Amino acid sequence: MGIDDSSECSGRLPDEAATRALGAALALAIAPGMSIRLQGDLGAGKTTLTRALLAECGYAGKVKSPTYTLVESYSLPAMTVHHFDLYRFADPQEWDDSGFSDYFAPDTLCLIEWPDKAGTLLPAADIELRLEVEGEGRCYHIKALTETGLACLKRLSTQAVGNC
């Protein structure tokens, strides 16, 4: 698939409120069936962004980091969101052994932290979102990997987020 230069965007997040705003804006751009890989070091803001996305989607409960449970699932009216954290995987084969591939469906959104820990076993992603610590804030880079991801990125760009 040939995706053009509009398949990427980036920007600066000066504080936690800006990270939450990006998560909320992303919530308005996503669609059921998508898979988003969340990249970034510990403390980069991946779970903060996920909490804001879920809140914007209408989830009012507590959003825990799935570091120890590996996945937390949230039932919403439009879809179920599965938030994975693969940080503790020691071997990519753990992905297949877990049965997590069954969580990817047309009526779900899958957010995967530390996707590299599953190697090549993960289903294809629509979006890769990288967060990096930059001084007191963060910077982000979003890349669409599929046509679905590109459509999401275009919807996100209409919300005037960073350099999208």
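Remember, it's a predicted structure, so these values are computed and weren't measured experimentally. Heads up: numbering here begins at 1 and tracks the sequence.
Connection of Leu49 to Val71 is not established within any shared hydrophobic cluster, with ILVMFWY side chains joined at heavy-atom distances below 4.5 Å, either directly or through further cluster members. Clustering ILVMFWY residues whenever any of their side-chain heavy atoms sit less than 4.5 angstrom apart, transitively, puts Ile112 in a cluster other than the one holding Leu38. Note on Leu86: it does not cluster hydrophobically with Ile36, by side-chain heavy-atom contacts below 4.5 Å among ILVMFWY residues. Residues Val133 and Leu13 do not share a hydrophobic cluster, defined by chaining ILVMFWY side chains whose heavy atoms lie under 4.5 Å apart.
Of all heavy-atom pairs spanning Arg12 and Glu134, the tightest one is CD-OE1, 3.1 Å. The two residues Trp95 and Ser101 make their nearest non-hydrogen contact at NE1-OG, 3.0 Å. The minimum heavy-atom distance between Ala144 and Gly149, with the atom names listed, is CB-C, 3.5 Å. Met79 and Pro32 make their closest contact through SD-CA, 4.0 Å (heavy atoms, listed as atom of the first residue, atom of the second, distance).
Without hydrogens or angle criteria, Lys46 side chain to Asp41 main chain gives a donor-acceptor distance under 3.5 Å. With Thr108 contributing its side chain and Phe104 its backbone, the two residues share no donor-acceptor pair below 3.5 Å. Under a 3.5 Å cut-off, the side chain of Arg138 and the backbone N or O of Ala44 do form a donor-acceptor pair.
When each of Leu53, Thr148, Leu156, Leu111 is paired with Ile30, the side chain to side chain contact (heavy atoms under 4.5 Å, CB included) condition holds for Leu53 and for no other.
In this structure, Val63 and Glu72 have side chains that are not in contact, with every pair of non-hydrogen atoms separated by 4.5 Å or more. Between Leu76 and Leu109, the closest side-chain pair of non-hydrogen atoms is not below 4.5 Å. Looking only at side-chain heavy atoms (C-beta outward), Pro66 and Phe84 stay at 4.5 Å or farther from each other.
Atom CG of Leu26 and atom CD of Glu56 lie 10.5 Å apart (nearest 0.5 Å). Considering OG of Ser65 and CZ of Arg51, their distance stands at 7.0 Å, rounded to 0.5 Å. Taken to the nearest 0.5 Å, the OH atom of Tyr103 stands 11.0 Å off from the OG1 atom of Thr80. For the atom pair OG (Ser7) and CG (Leu150), the distance works out to 6.5 Å, reported to the nearest 0.5 Å. Note that the SG atom of Cys139 and the CD atom of Glu132 stand 4.5 Å from one another [nearest 0.5 Å]. For the atom pair Phe100 CZ and His82 NE2, the distance stands at 10.5 Å (nearest 0.5 Å).
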TODO: Evaluate side chain to side chain contact (heavy atoms under 4.5 Å, CB included) for Asp15 paired with Glu136, printing each intermediate quantity in order.
DONE: CA-CA 7 Å; Asp15 53 28; Glu136 294 294 314; over 6 Å; no
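For Phe89, there are no ring-ring contact (aromatic ring centres under 6.0 Å, His included) partners, not counting sequence neighbours.
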For residues 115-130, which side-chain donor-acceptor pairs fall under 3.5 Å, sequence neighbours excluded?
{"residue": "Asp126", "atom": "OD1", "partner": "Thr146", "partner atom": "OG1", "Å": "2.7"}
{"residue": "Asp126", "atom": "OD2", "partner": "Ser35", "partner atom": "N", "Å": "2.9"}

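Counting non-hydrogen atoms of neighbouring residues, nucleotides and ligands closer than 6.0 angstrom, the CG atom of Asp107 exceeds 12 such neighbours.
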